[in-house]
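For reference, the structure is listed below as structure tokens.
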Amino acid sequence: MNRARPTRAQMKSIHQLFQRSPDGSPTYREFRKRFHHLSFDNIFGGTWHGMFIGIETDGYRHS
């Protein structure tokens, strides 16, 4: 199975959210597991503080 990987900008954006607030995750690795590839436009998305956050390939976040 070919799994899409996040871009460097998407990883940076996820890490910035973790630094801002880990939202109950004990480690960055656990926090990162919340974010998954969505089937359109290589967007990664996951939950943070009860919101769904979508992250575009350039790292821009949408709630």
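Since this is a predicted model, take the numbers as computed values, not measurements.
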Q10 side chain vs T7 backbone, donor-acceptor pair below 3.5 Å: yes
NZ (K12) and CD (Q16) are apart, to the nearest 0.5 Å, by 5.5 Å
Roughly how far, to the nearest 0.5 Å, is CD1 of I53 from CZ of R61? 7.5 Å
Show the nearest heavy-atom pair for residues S13 and G59, with the distance to one decimal. OG-O, 3.1 Å
R34 and P22: which non-hydrogen atoms are nearest, and at how many Å? NH2-O, 3.6 Å
Atom pair NE2 (H49) and CZ (R20), whose distance is rounded to the nearest 0.5 Å: 8.0 Å
Check whether D58 reaches the backbone of Y60 with its side chain - one donor and one acceptor, N or O, closer than 3.5 Å. yes
Is there a donor-acceptor pair closer than 3.5 Å between any side-chain N or O of R32 and the backbone N or O of F35? yes
Sub-3.5 Å donor-acceptor pair from the side chain of W48 to the main-chain atoms of S63, do we have one? no
Do the rings of F18 and F31 sit parallel, tilted or perpendicular, given the 30° and 60° boundaries? tilted
Give, for atom OG1 of T27 and atom NZ of K33, the distance between the pair rounded to the nearest 0.5 Å. 7.5 Å
To the nearest 0.5 Å, tell me how far L38 CG sits from F44 CZ. 8.0 Å
